[in-house]
Amino acid sequence: MTGRIAGTGSYIPSQVLSNEDLSKIVDTSDQWIRERTGVLRRHIVKQDTTVSMAVKSAEAAILDAHINPEELDMIIVSTISSNLLMPCTACEVQKKIGAVNAACFDLNAACSGFLVAYSTVLGYIEMGIVKKALIIGSECMSKLLDWSDRSTCILFGDGAGAVVIEAADGEKGAVVLHSDGEKGNALCLETHGKITMNGQEVFRFAVSNVPKVIEELLHKMGKQREEIDAYILHQANQRILDAIAKRLGVDKKYFPSNIREYANTSSASIPILLDELKKNGDIDKGQQLILAGFGGGLTWGAAYIRI
Ligand code: UT7
């Protein structure tokens with residue numbers, strides 16, 4: 001027994017903040033941001049909240065999976081930016097979509113959160129406790145930024161992505177997760193505070209650890225790098241994606257990216273990208289994917305999934 005992706009959905013707020021717009025707020029330029037990050041613009045909430053974006057992405061994923069909300073046994077929301085601490089965002093989603101039979105909770109593993117949510121659901125499915133689950137990454141990063149700090153405010157954007165996972169026969173999924181609390185200071189967010197980051201340290205951490213965790217996962221699965229149809233990574237910086245591809249010796253074309261449009265949406269970035277690729281026909285049934293995330297904690301990990 002394993003978990004299969006039955007449907008995906010995403011929601012991006014319509015308000016756009018371009019690099020040009022940012023250059024009027026802080027001492028930066030379109031050229032600097034493009035060259036150092038690959039970001040051209042990001043989308044920022046006006047009326048939406050972490051809850052409302054989670055609900056919209058969830059509705060889209062449920063529609064895509066052709067299921068009724070009552071069929072869901074579990075809803076997990078990964079977020080560091082919930083507008084509500086209690087009730088949790090997952091319970092609010094349950095209420096709004098009518099998923100009356102779902103057990104609901106939120107989890108926080110920063111930008112690795114979607115992977116942790118996926119691995120949690122996979123565990124419940126393999127134990128036979130859950131048959132259909134909804135996992136959501138929803139982030140309102142714009143509320144967590146110090147808009148006078150050019151080293152962080154240019155990097156992030158808002159959005160949500162959701163995936164319905166169903167129990168299915170077949171090859172088991174696999175996940176590898178790691179954390180290093182000793183390095184937590186590299187990326188911090190105090191309660192009611194704003195994000196602070198040592199960008200260079202996080203950059204080095206991602207480029208050195210993500211290839212290793214992908215190798216670890218491939219080894220665990222007995223798979224070769226070339227067998228993987230797409231490496232769907234947390235969208236933090238185009239240079240990080242390119243460096244990871246290079247270290248793995250895999251062509252960049254197998255590392256899809258949408259960072260130019262949305263910037264870093266933390267735990268929403270993987271499900272948003274997954275949804276876009278699926279809707280555009282860039283990934284299809286039967287293909288083998290590796291998802292990999294990294295971020296605050298520090299946390300990082302990778303998951304193998306056949307769609
Ligand atoms: O989800 C995980 C979250 N975080 C990340 O993934 C972040 C990982 N790190 C990064 O993406 C990169 O480190 C950054 C994009 C944050 C920074 O790029 P960098 O190439 O590491 O630049 P840097 O920090 O070494 O700064 C180079 C220069 C500095 O000026 P000096 O000291 O050389 O005069 C900075 O003050 O660029 C300056 N700088 C900027 N200049 C224009 C920093 N931010 C900006 C800016 N515009 N926005």
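These values consider heavy atoms only, across backbone and side chains, with no hydrogens, waters or symmetry-generated copies. Position 1 is the first residue of the sequence; numbering continues from there. Each ligand, and each atom within it, is numbered from 1 in the order the structure gives.
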| field | Nearest-contact summary for atom 24 (O) of ligand 1 - protein heavy atom, Å | value | Gln200 NE2, 3.8 Å
| Hey, are Asp48 and Lys56 close enough for a salt bridge, meaning a charged N less than 4.0 Å from a carboxylate O? | yes
| Shortest reach to atom 8 (C) of ligand 1 by a heavy atom, considering only Gly295, Gly199, Ser267 | Gly199
| Does the side chain of Ile283 reach to within under 4.5 Å of the side chain of Leu289, using non-hydrogen atoms? | yes
| Does the ring-ring contact (aromatic ring centres under 6.0 Å, His included) test come out yes or no for Tyr231 and Phe255, once each step is laid out? | CA-CA 5 Å; Tyr231 292 84; Phe255 286 71; 4.8 Å; yes
| Test side chain to side chain donor-acceptor pair (under 3.5 Å) applied to Asn237 and Arg36, step by step | CA-CA 8 Å; Asn237 183 323; Arg36 300 284 178 138; over 6 Å; no
| Under 4.0 Å from atom 6 (O) of ligand 1, do we find at least one protein heavy atom? | yes
| query | Looking only at non-hydrogen atoms, which of Ile195, Asn198, Thr37 approaches atom 15 (C) of ligand 1 most closely? | reply | Thr37
| query | With a 4.0 Å cut-off, strictly under, does atom 3 (C) of ligand 1 pick up any protein heavy atom? | reply | yes
| query | Would you call Arg239 and Asp242 a salt bridge, taking side-chain N to carboxylate O under 4.0 Å as the test? | reply | no
| request: Please confirm whether Leu22 comes under 4.0 Å of ligand 1, counting heavy atoms of the residue only. | output: no
| message | I need the single residue from Val77, Ile75, Asn101 that forms a side chain to side chain contact (heavy atoms under 4.5 Å, CB included) with Gln94. Which is it? | response | Ile75
| note | Numbered in order shown, the ligand 1 atoms found under 4.0 Å of a heavy atom of Thr28 are 42 (C), 46 (C), 47 (N), 48 (N)
| request: Mind checking whether Ile240 contacts ligand 1 via backbone (N, CA, C, O), side chain (CB onward), both or neither, at a 4.0 Å heavy-atom cut-off? | output: side chain
| message | Once you restrict to heavy atoms under 4.0 Å, what part of Phe203 touches ligand 1? Side chain, backbone, both or neither. | response | both
| atom 29 (C) of ligand 1 - nearest protein heavy atom and its distance | Arg150 NH2, 4.8 Å
| query | So which of Arg239, Met197, Glu201 gets nearest to atom 18 (O) of ligand 1, if we judge by its closest heavy atom? | reply | Arg239
| Proximal ligand 1 atoms for Asn264, defined as those under 4.0 Å from one of its heavy atoms | 1 (O), 2 (C), 3 (C)
| Do the side chains of Ile136 and Ser78 get nearer than 4.5 Å, heavy atoms only? | no
| query | Hey, are Arg225 and Glu215 close enough for a salt bridge, meaning a charged N less than 4.0 Å from a carboxylate O? | reply | yes
| field | Pair Ser10-Glu276, side-chain donor/acceptor within less than 3.5 Å | value | no
| Is ligand 1 less than 4.0 angstrom away from at least one heavy atom of Asp27? | yes
| Parallel, tilted or perpendicular: rings of Trp300 and Phe205 (30°, 60°) | perpendicular
| So which protein heavy atom does atom 44 (N) of ligand 1 come closest to, and at what separation? | Trp32 CH2, 3.4 Å
| What are the atoms of ligand 1, with element, lying closer than 4.0 Å to any heavy atom of His234? | 1 (O), 2 (C)
| request: Identify, by atom number and element, the atoms of ligand 1 in contact range of Asn237, meaning under 4.0 Å from any of its heavy atoms. | output: 10 (C), 11 (O), 15 (C)
| message | Can you check atom 31 (P) of ligand 1: any protein non-hydrogen atom closer than 4.0 Å? | response | no
| atom 22 (O) of ligand 1: which protein heavy atom is closest, and how many Å away? | Arg36 NH1, 3.4 Å
| CE/Met86: more than 12 non-hydrogen atoms of other groups inside 6.0 Å | no
